[in-house]
Student: 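Sharing a structure here in structure tokens format.
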Amino acid sequence: MKRFETPANCPCYAKAELLADYLQTNLPNFRVHKITLHPDKWQQWLHDICETNGWEHRQCPIIWRELLDRGGKGQLLGGLKDFLEYAQKYYGITSMMLIEEMLAIAEENLQAHLEIVKEDEEIKSLIKPVQIWITSASVPICYHLIPLLANGEVFGMTTEVSIHLLDTEQFKEMLCGIVMEAEDMAFPLLRSISEHTKIDQAFVDADIIIVLDDVLLNLEVQSLENYVREVSEICQVYAPLIEQNAKSEVKVISSGKTFANLKATMLRTYGPSIRPENIIAISTSWESAAKAMLARKLNMNTAGECLCIKDVIVWGNITGSNCIDLSHAKLYGYDCAIRGPPNFQRPLLNMIYDSEWIHSELVSAQSTLSSRVSRCKGTLPAHAIATVLRYWYHGSPSGEIISVGILSEGQFCIPEGIIFSMPVRFQNGNWEVMTELEINETTQKILRRLSHELVQEKLVALKEINEMHPYEEE
């Protein structure tokens, strides 16, 4: 096979092209691959291709020979003169095209090339990539999240994404490194990835905003109220920018190791025009970790599609006091005396008789589960964010319970106006609280306690901000 590379307006290419087309038409095993470039890009491209292959060539066009069945780099033939000699020597064929014809065809080639480029640009302009902004993008969660967003599993294999990484100036070099690495992975659906350190540029045209800002909790250094104030100040900066710069239907996701609920609550408080149903906090990390711990207790291998645990509910403050509720949890495909079809399920609590283990490992504030989730480095929360986004765009599995922190409207007697993790289903691009679920009196008492904690946390945040800005209204 012969390859021809040239600027689109090269008259010598016109003559070589006509001869190559004749040879391809009349010789059974002769194949030609032609690539035209804009004249402005020719010199740089020629330099790069010659440097890559160790060639010396300065003319237009450049022609080389490739043996498809052998692999390896191509064999340089040269320019027009070299190709004419090659065709005459091996095939006894040459070209008698006049210079006037060469110039006319060269002009036609340039116009055809420009039309193709214009058409490609128009097609690309019709493909609107999902604009994703990630705050505090230097944290490990972001590093693990980028491949999940760019590989097509979240938004679909036909949806492109543009990712914007936002952090402070001190992390600029790290952000540049993340951008370079993502570009080198050459994801087909990653339209662009960029770093940003100017806060006034934040959230422009955002479809999705993922808030990963955390504070390093050390109550021996400063009080909890100071940390709450720090979180509130961050949200007071972000919320107006989201209202001003992001799209009206923007989806805002709060995650991280600390104050996930409070961040979502304060973004809603300081961004009243942001649709409340579009602000959520991610609790799926706890859900996944709980399922894994239960599987280990039951000596299950959850690698198979049929063997799984579903409908574990996470209530309350995702990164604070929460409750793992197994009263609706189901076990599918478990190897026991009773067998059934793939959709046959057993109540999970009927299969675990050690209630003391459940309390110590899953439910108590100092549980093993709490310790595991708080120590995770990034893969688990990144997977949780990607999973919830996939459900948000494509729907969650039919009948399955998903736990998400959402703005309470009084469901399950939870006070209104706080972000509270509760059971939902995703469908048609929205979520819906599964209010049909029955909860017992013990769980209801726990919800009242968890609600009180979140209400107090919100009141402290508002008090701290009002003390800093006494002349401003809430």
Side-chain angles (χ1 to χ4, degrees), residues 135-136 139 166-168 199 202-203 209-244 246 250-283 286 314-323 365 370 374 381 404-411 414-422 447-474:
T135 73
S136 195
V139 300
L166 177 67
D167 215 316
T168 57
I199 191 63
F203 315 130
I209 298 171
I210 301 171
V211 180
L212 300 180
D213 298 71
D214 270 327
V215 294
L216 299 176
L217 279 177
N218 186 345
L219 297 180
E220 296 180 0
V221 175
Q222 59 178 331
S223 66
L224 181 63
E225 289 76 11
N226 287 338
Y227 288 117
V228 169
R229 180 174 62 189
E230 185 178 337
V231 171
S232 298
E233 289 173 349
I234 293 171
C235 295
Q236 198 171 28
V237 172
Y238 285 166
L241 289 169
I242 295 173
E243 291 182 304
Q244 175 184 332
V250 63
K251 292 176 169 59
V252 183
I253 293 176
S254 173
S255 187
K257 293 185 177 182
T258 58
F259 298 108
N261 293 56
L262 181 63
K263 285 182 290 188
T265 299
M266 301 316 292
L267 286 171
R268 169 59 185 157
T269 301
Y270 294 120
S273 69
I274 305 171
R275 294 183 61 178
E277 64 270 26
N278 282 0
I279 303 177
I280 66 172
I282 299 294
S283 50
W286 286 84
V314 181
W315 298 97
N317 190 352
I318 297 163
T319 49
S321 297
N322 57 46
C323 170
S370 176
S374 63
V404 175
I406 53 112
L407 187 68
S408 170
E409 296 179 348
Q411 304 95 331
I414 298 166
E416 297 182 15
I418 58 173
I419 299 291
F420 198 93
S421 179
M422 61 182 78
L447 298 191
R448 286 196 289 268
R449 174 176 58 81
L450 297 177
S451 300
H452 178 75
E453 177 185 299
L454 284 168
V455 169
Q456 293 304 309
E457 191 176 75
K458 180 181 178 181
L459 291 174
V460 168
L462 293 174
K463 177 185 176 183
E464 293 293 331
I465 291 296
N466 289 335
E467 288 179 354
M468 292 181 61
H469 307 282
Y471 302 108
E472 295 182 10
E473 296 182 0
E474 286 187 17

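Every heavy atom of this structure was used, including side-chain atoms; hydrogens, water molecules and symmetry mates were not.
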Student: Can you find a pair of side-chain heavy atoms, one from Met266 and one from Leu462, that are under 4.5 Å apart?
Tutor: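 They are in side-chain contact.
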
Student: Could you point out which residue of Asp214, Thr319, Asp213 forms a side-chain hydrogen bond (donor to acceptor under 3.5 Å, both in side chains) with Thr258?
Tutor: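 Among the candidates, only Asp214 passes.
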
Student: Would you say the side chain of Glu457 lies within less than 4.5 Å of the side chain of Val460, judging by non-hydrogen atoms?
Tutor: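 When only atoms from C-beta onward are counted, Glu457 and Val460 do not touch, as no gap falls below 4.5 Å.
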
Student: At what distance, to the nearest 0.5 angstrom, does CZ of Arg449 lie from CG of Leu454?
Tutor: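 Arg449 atom CZ to Leu454 atom CG measures 11.0 Å (nearest 0.5 Å).
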
Student: As an exercise, state the distance from CZ of Phe259 to CG of Leu224, rounded to the nearest 0.5 Å.
Tutor: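 Phe259 CZ to Leu224 CG: 5.0 Å, rounded to 0.5 Å.
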
Student: On a heavy-atom basis, which atom in Met422 and which in Trp315 lie closest, and how many Å separate them?
Tutor: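 Closest approach of Met422 to Trp315: CB-CZ3, 3.8 Å.
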
Student: Is the shortest side-chain heavy-atom distance between Ile419 and Arg268 below 4.5 Å?
Tutor: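 Ile419 does not reach Arg268 side chain to side chain.
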
Student: Quick one: pull up CG in Asn278 and CD1 in Ile242 and give me the separation to the nearest 0.5 Å.
Tutor: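 The distance works out to 11.0 Å.
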
Student: Return the CD1 to OG distance between Ile209 and Ser254, rounded to the nearest 0.5 Å.
Tutor: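 So the CD1 of Ile209 and the OG of Ser254 are separated by 12.0 Å.
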
Student: Measuring from atom OG of Ser255 to atom CD1 of Ile210, what distance do you get when rounded to the nearest 0.5 angstrom?
Tutor: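 Ser255 atom OG to Ile210 atom CD1 measures 8.5 Å (nearest 0.5 Å).
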
Student: Looking at CZ of Phe420 and CG of Leu407, how far apart are the two atoms once the value is rounded to the nearest 0.5 Å?
Tutor: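 Between Phe420 CZ and Leu407 CG, I get 12.5 Å after rounding to 0.5 Å.
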
Student: Just so I know, are the side chains of Thr135 and Phe203 near enough to count as touching, which here means a heavy-atom distance under 4.5 Å?
Tutor: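 Yes - at least one pair of side-chain heavy atoms lies under 4.5 Å apart.
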
Student: Are any side-chain N or O atoms of Ser408 and backbone N or O atoms of Pro415, one a donor and one an acceptor, separated by less than 3.5 Å?
Tutor: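 Side chain of Ser408 to backbone of Pro415, a donor-acceptor pair under 3.5 Å: yes, one is there.
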
Student: If we only count heavy atoms from C-beta on, is the Cys323 to Leu450 side-chain gap below 4.5 Å?
Tutor: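 They are in contact (side-chain heavy atoms under 4.5 Å apart), so the answer is yes.
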
Student: Among Ile253, Ile279, Leu267, which residue meets the side chain to side chain contact (heavy atoms under 4.5 Å, CB included) test with Val211?
Tutor: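 By the side chain to side chain contact (heavy atoms under 4.5 Å, CB included) criterion, Val211 pairs with just one of Ile253, Ile279, Leu267: Leu267.
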
Student: Search all heavy atoms of Ile318 against all heavy atoms of Asn322 and return the closest pair with its distance.
Tutor: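 For Ile318 and Asn322, the tightest heavy-atom pair comes out as O-ND2, 3.1 Å.
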
Student: For the residue pair Val228 and Leu262, what are the closest heavy atoms and their distance?
Tutor: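 Distance-wise, the nearest heavy atoms are CG1-CD2, 3.8 Å.
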
Student: Within the 4.5 Å heavy-atom criterion, are Arg448 and His452 side-chain neighbours or not?
Tutor: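 No. Closest side-chain heavy atoms not under 4.5 Å.
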
Student: Minimum heavy-atom separation for Ala264 and Ala281, please, with both atom names.
Tutor: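 Closest pair (atom of Ala264, atom of Ala281, distance): CB-CB, 4.5 Å.
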
Student: Quick one, Ile199 and Tyr238 - any side-chain contact, counting heavy atoms below 4.5 Å?
Tutor: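 Yes, at least one pair of side-chain atoms sits under 4.5 Å.
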
Student: Flag yes if more than 12 heavy atoms outside Glu277 fall under 6.0 Å of its CD atom; otherwise flag no.
Tutor: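 More than 12 heavy atoms, drawn from other residues, nucleotides or ligands, come within 6.0 Å of this atom.
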
Student: Quick check: do Lys458 and Thr269 have side-chain heavy atoms less than 4.5 Å from each other?
Tutor: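 With C-beta onward as the side chain, the pair touches.
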
Student: Locate the shortest heavy-atom distance separating Gly271 from Ala239; write the atom from each residue and the value.
Tutor: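 Heavy atoms of Gly271 and Ala239 come nearest at N-CB, 3.6 Å.
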
Student: Which heavy atom of Gly405 sits nearest to which heavy atom of Ser283, and what is that distance?
Tutor: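 Smallest heavy-atom distance, with atoms named: N-OG, 4.1 Å.
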
